[in-house]
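Along the sequence shown, residues are numbered consecutively beginning with 1. Start at 1 and go down the list; that is how both ligands and their atoms are numbered. Keep in mind that the numbers below use all heavy atoms, side chains included, and drop hydrogens, waters and symmetry copies.
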Amino acid sequence: MKKKLISMLLTGVMTASLLAGCGGATAPTAPAAPAAPAAEAVEEKVEEKAEEVVEDVEEAAEEVKEEVADAGSDGLIAVGFAQVGHESDWRTASTKSCQDVFSKENGYDLSFVDCDNDEAAQKEAVRSFIEQGVDYIIIDPIIATGWDTVLTECDDAGIPVIVIDRTIDDSDKYVSWVGSDFLTEGKAAGEWLKAYVDAQGIKEVNALIIQGTIGSSAQIGRTDGFQEIADREGWTVLDKQTGDFTEAGGQEVMESYCKSYAGKFNVVICENDNEAFGAMTAMDNAGVKYGPGNDVILISYDACTAGLKEVQAGKITADFECNPLAAPTVEGVIKTLESGGTPEAQILVPDNWYALKDAIVDFSVDGNAQKMIEVTDEVIEAQY
Ligand code: GZL
């Protein structure tokens, strides 16, 4: 085969050079044929070149054969997932949901990277998936910006990207986003608080907010949504600091708040349950009483199992869920793509709001009446 290819190439190159030498009548007459040694030298050069070209072609053919073998050998769909990290109970549930859905038994070869809340590491993980030549890339973006360059690389590599949970706000080079409406979560917390303080006859709200990871769409939506209601109601937001969605972060910020705002606050909003657990420790240590019937109303987000247990224990007064189990919906997007279809660009997963019976009040968000779920043993049992 190789000989045949070389001789074909040689013939082609020699023919081309002869044709090039037969210009129009006006062309100068061809010099006398060079002495035999020169012609042989040319032939040797051309033969060398032809051999190089054949080797390159054979190498390329080998690579293609390997790629086809890789893709076809196990028949699995290769998925790369760049996860935020392992900062919260919510994250643990989200990771488990993805690993359960994108298993070998279900026909997937999952490359999972825990990016440990490190934006650079997350971009590196995505680039490693491009190197691997996966079929799909899933990203839960630590923060909402800085994505267009790496998403362009995915686009150039022809690898579809699906965004899960948090949003990417500075690029549209992805197929679908599957997640919750964080702004609605923030507004729901604000509208519930309005209905609750009215029902309790509480005239003033002096709130402290422990924010999530700054720049994440979850933090932006929850902060902005609550602030919109606070501004409308003339409430005072004494301070907002980030606890980075961690229990340690929540405790550290609440310790500082208990010193700086002692006796001045009656509402604490934690942008996830793990921050609320840390804030509870800090308030316990500072002798601050919180929960229904106490000095401070404690509001949280996520409504993970451990969070609902604190609602049932009368510590967290209301918990606003963010559903972490989006992986089955993401799989639906991949199946649509596999069958040549076009998935929806935005797919919202439903969230619920939780409280004990006495804290369940009627309220609406953007004119839509909201349903609250009473926390019971069965509800906790069924949570994530
Ligand atoms: C929200 C998610 C947030 C959770 C936190 O969708 O991104 O990140 O609220 C988690 O618990 O750390």
Check your understanding: When you look at Ile209 and Val237, which way does the side-chain contact (heavy atoms from CB on, under 4.5 Å) test go after all the steps?
Key -> CA-CA 8 Å; Ile209 302 177; Val237 176; 3.8 Å; yes
Practice item. To the nearest 0.5 Å, tell me how far Asn117 CG sits from Ile142 CD1. Key: 5.5 Å
Exercise for review: Identify, with sequence neighbours excluded, every residue that meets side chain to side chain donor-acceptor pair (under 3.5 Å) alongside Trp235.
Suggested key: none
Practice item. Measure the CH2-CD1 distance between Trp177 and Ile162 for me, rounded to the nearest 0.5 Å. Key: 14.0 Å
Review point. How about Cys154 and Lys173: do any of their side-chain heavy atoms sit closer than 4.5 Å?
Key: no
Revision key, fill the gap. Close residues (non-hydrogen atom under 4.0 angstrom from ligand 1) work out to Glu87, Ser88, Trp90, Arg91, Asp165, Arg166, Phe182, Ala218, Arg222, Phe245, Asn272, Asp302, Cys322
Check your understanding: How are the rings of Tyr301 and Phe320 set to each other: parallel, tilted or perpendicular (split at 30° and 60°)?
Key -> tilted
